[in-house]
Amino acid sequence: MSNSGQNSAARSALVPTNNVTTADGTTVRTRIDATLTVDDVMKQLCLNLKIKESPSHFALRDETDELVTNDNLRKKIKNKSNLKLVNAPAREARETAEKLNNRSDKNLKLILFSLQKYIREEAFAHEFLDHNGLNELVQVIFTATGNTLAYALTAMQNLMELDYGWSNLSEDFILIVVQILASPQSLINVCRPATAILKKLVEADPSSVPGPQAASSSRSQPSAPPGSVYRYGFQVVFEQMRKERGSLETVVNRLGSADMAMAQYRYVFGLSVSRILHLTILFGCSMMLINSLLAHANDARWEEFIAELERLNVRKAVVRLMSLHTIEDLTSCMDFQANMVRVTYRKKTTLVDPEIDELHAAALKAIWACSKLDEEVDPNGHILKWRKLGFDTEDIVQEFSEVGVLGLECLKKFVEGDPDFPKVILEQLSRPEERRCPIAKASNEVVELLSEHWAIFAPGCIPQTDSTATTFQPFFLEFHRVHSLATQFFIRMWSESGATSGDFSRVVALGQARLRKENTREWHEVEYDFLESEYRAVRDRQMKELELEDDLLSKVPVRNLRAKLYKESFEFVRQQRIQCLLQGAWFINATPQLSPRDGVTRRSNRPWRFMRLDTGLKYLHYVDSAVKFPVRNGLEDLPDRIDISLVSEIAGGTCAPPPNVLRDQNDFPSTSAPVPSPLSFSLLSAHEGSLADLIAPDSSRWADWTDGLNMLRRDGGHVSSKETAGFVQALTEIGLKIKLLDLSGEMVEIPTGLVAGPPPTNNDFFFSDLM
């Protein structure tokens with residue numbers, strides 16, 4: 001290594017590779033040997049510059065403050081990057097911790113601005129934590145305001161990306177973050193990191209500790225290892241949110257605020273782009289916090305939390321935002337939909353027991369009060385109460401055994417939402433018993449139909465209908481509203497068809513046929529069909545569909561087999577998608593439609609990028625190039641990388657190709673705004689904006705990568721392309737037909753259900769071995 005101060009012969013023999021600027025502003029032209037380590041480079045640089053301090057006190061950074069390491073040294077030399085001689089991360093960390101102790105320092109804001117960048121570096125973080133830096137940072141958060149607070153919170157958020165060092169955060173700290181988030185005066189750049197901190201704390205529960213966990217027969221929460229950051233979780237965060245009344249409401253209000261609606265309106269006219277981006281990122285953060293709370297809610301506070309979300313009508317806020325069609329590709333909304341599937345399934349499988357649960361008893365009391373009926377005694381001397389509403393028996397626990405709390409909630413909302421319900425009941429009671437419509441029984445049957453329609457079969461199971469798996473479903477989020485319409489439809493079809501008690505399944509089939517057309521229609525059309533369709537027209541359409549339907553596939557055992565095969569097919573396709581990521585692919589570096597946050601652009605000036613997932617499934621390694629070239633196996637040709645844990649969204653249709661990259665473009669300048677490519681996608685971070693903006697070469701590659709990356713995310717798991725969903729569906733159907741070949745070949749009759757025989761009269765028996 002040599003600098004420009006040596007003799008002219010040396011200067012003519014050695015060509016400088018980089019400019020290095022020292023602390024006093026002096027810039028020297030320096031040749032750096034790419035075969036050396038960074039430590040050796042620093043020794044020679046300090047020697048040539050006659051710096052008497054130890055070389056370990058110094059480091060090199062480029063103009064963006066990226067630390068020069070052994071991994072990127074060759075890249076910096078090749079690109080002839082301008083470098084700065086600065087304090088080593090450990091030394092900088094010690095000085096930063098000392099400066100934070102003096103919170104009256106007029107340069108505190110600048111110190112925190114640097115801290116939020118450096119804290120991600122392991123060497124800096126270790127030294128910062130060893131010198132009480134975490135406690136100093138927490139104290140700043142307790143007292144700071146404005147941009148100073150924003151920088152402090154962002155520094156804490158970046159520190160929490162490490163899996164160590166923040167295991168002793170107090171409840172007071174969590175409460176102050178909640179209060180900051182709940183304050184209507186908090187700025188967007190303050191709310192964003194505050195939301196991300198709470199999300200990280202929610203996800204840091206003991207059950208999420210990486211690696212294998214010891215098996216335990218206990219149902220209690222596992223304990224965190226000593227010193228582990230996985231010691232918080234839903235319970236810890238939600239307890240502090242309960243102390244700060246209105247905190248959850250503030251988060252929900254940000255989803256559907258008037259500002260957001262105005263931002264969407266202004267986006268249509270191309271105005272205030274930076275404001276829109278800030279609000280969109282804030283919306284994404286709020287949505288991800290709600291998703292984390294939903295995914296990690298424990299049994300102790302589950303009912304309270306879900307009831308609060310329902311009271312705040314989160315579903316409506318999400319439906320309204322998605323109806324604007326400007327952020328429909330954000331995966332957080334699909335994650336919310338998947339979480340609500342799990343919530344709905346849990347309600348459906350939670351038994352109704354009014355003797356134990358006061359809420360169940362209160363709901364039943366409200367239903368009975370809405371009917372305005374009186375309890376009687378039948379001719380056999382038995383109580384006649386719930387049978388008046390259409391149940392088969394007076395055993396209310398048994399009547400709701402198949403639909404659980406979900407069925408109870410739906411019936412309650414149905415009777416409370418219809419002011420004419422008492423008249424409807426009286427009308428039915430005035431008819432002969434065999435011609436009465438069993439309204440309560442019909443309500444439960446509609447719940448079953450809707451659960452089957454939206455594939456609510458198992459916890460954590462991806463919905464098995466093609467549309468629910470790949471598109472946003474506003475009607476599912478309006479479950480109770482659709483239930484009320486479908487129940488009204490059932491009652492009307494019962495009356496118009498002159499049905500009797502033996503025709504119950506026939507009327508159910510009419511409702512099932514009507515639901516099949518729901519996914520592709522507007523809400524007002526669905527509502528009109530449910531409320532106005534004539535019986536004869538509905539029946540004619542049903543008969544046409546039955547001609548094309550295989551009755552065998554509608555039987556319960558076959559549906560259960562299909563659900564099992566779907567899970568296996570989904571896992572098979574997931575592994576295939578991940579293999580595509582491991583092989584790597586070339587993409588076009590695209591131009592994002594929205595300006596990057598804070599004016600920092602990440603777009604490369606080179607048009608092509610090759611990306612490959614590492615075998616640890618943690619990083620996307622890449623290289624930008626002016627032309628495509630053969631990339632060797634491994635990661636040697638891929639000097640840069642993206643941490644997948646930083647990716648919070650995979651958004652599609654977000655960017656346009658740069659000029660004159662695609663073959664069908666000419667050299668004439670474009671007179672119109674660039675149009676987003678349907679094959680484009682962006683990797684979005686909750687606090688850094690877009691990490692990558694890419695265009696896939698074809699639809700298959702787009703599906704491989706968008707779905708593969710979604711499947712890798714801890715809080716993801718759904719698929720966004722119809723191609724992937726089609727593969728899963730095709731594999732499921734093929735597997736199902738193979739499984740059914742023997743049965744159909746032998747014409748074996750598949751029962752619609754199994755009836756358990758009477759219990760044995762004594763215990764003088766044993767179970768035979770299965771062969």
Side-chain angles (χ1 to χ4, degrees), residues 79 267-271 273-274 276-277 280-281 284 325-331 470 577 580-581 583-613 620-631 637-642 647-685 688-710 720-724:
N79 294 340
Y267 174 78
V268 174
F269 296 96
L271 301 176
V273 173
S274 60
I276 298 164
L277 182 61
T280 302
I281 293 175
H325 301 299
T326 55
I327 50 174
E328 61 188 66
D329 293 311
L330 289 181
T331 56
T470 59
R577 292 295 190 240
C580 291
L581 270 61
Q583 291 176 8
W586 282 101
F587 298 93
I588 296 174
N589 277 317
T591 303
Q593 291 298 94
L594 293 180
S595 301
R597 182 173 58 84
D598 299 331
V600 178
T601 178
R602 292 177 177 272
R603 198 174 78 82
S604 171
N605 56 5
R606 300 180 181 181
W608 297 100
R609 171 173 294 185
F610 185 91
M611 297 186 71
R612 175 179 289 155
L613 178 67
L620 284 171
H621 295 257
Y622 68 90
V623 62
D624 292 328
S625 175
V627 294
K628 293 182 180 180
F629 63 90
V631 179
D637 294 339
L638 311 175
D640 299 307
R641 70 183 188 182
I642 296 173
V647 179
S648 58
E649 303 279 354
I650 294 94
T654 54
C655 39
N660 307 326
V661 172
L662 301 181
R663 292 182 179 178
D664 59 351
Q665 293 181 328
N666 53 39
D667 293 331
F668 294 100
S670 175
T671 58
S672 59
V675 178
S677 168
L679 299 180
S680 65
F681 63 95
S682 296
L683 309 184
L684 303 181
S685 169
E688 292 189 12
S690 178
L691 301 175
D693 300 288
L694 307 168
I695 297 178
D698 51 56
S699 59
S700 296
R701 199 66 50 84
W702 184 88
D704 289 342
W705 279 74
T706 55
D707 290 330
L709 291 170
N710 265 323
S720 57
S721 72
K722 293 188 179 298
E723 180 174 325
T724 298

State the [atom1]-[atom2] distance between [X] and [Y], to the nearest 0.5 angstrom.
X: Asp693; Y: Ser680; atom1: CG; atom2: OG; result: 8.5 Å
X: Thr706; Y: Leu694; atom1: OG1; atom2: CG; result: 11.5 Å
X: Arg612; Y: Leu620; atom1: CZ; atom2: CG; result: 11.5 Å
X: Leu613; Y: Leu581; atom1: CG; atom2: CG; result: 5.5 Å
X: Met611; Y: Leu638; atom1: CE; atom2: CG; result: 9.5 Å

Does Trp586 have its ring centroid less than 6.0 Å away from the ring centroid of Phe629? yes
Closest heavy-atom pair and its distance - [X], [Y]:
X: Leu691; Y: Arg609; value: O-NH1, 4.4 Å
X: Pro630; Y: Asp637; value: O-OD2, 4.5 Å
X: Gln583; Y: Phe610; value: O-CZ, 3.8 Å
X: Asn589; Y: Arg606; value: ND2-O, 2.9 Å
X: Cys655; Y: Ala590; value: SG-CB, 3.6 Å
X: Ala692; Y: Ile642; value: CB-CD1, 4.0 Å

Flag the pair [X] / [Y] as yes when at least one side-chain heavy-atom distance between them is below 4.5 Å, and no otherwise.
X: Pro678; Y: Trp702; value: no
X: Trp608; Y: Ile588; value: yes
X: Leu684; Y: Val647; value: no
X: Phe587; Y: Tyr622; value: no
X: Ile650; Y: Asn710; value: yes

side-chain hydrogen bond (donor to acceptor under 3.5 Å, both in side chains) partners of Ser699, counting only residues at least two apart: none
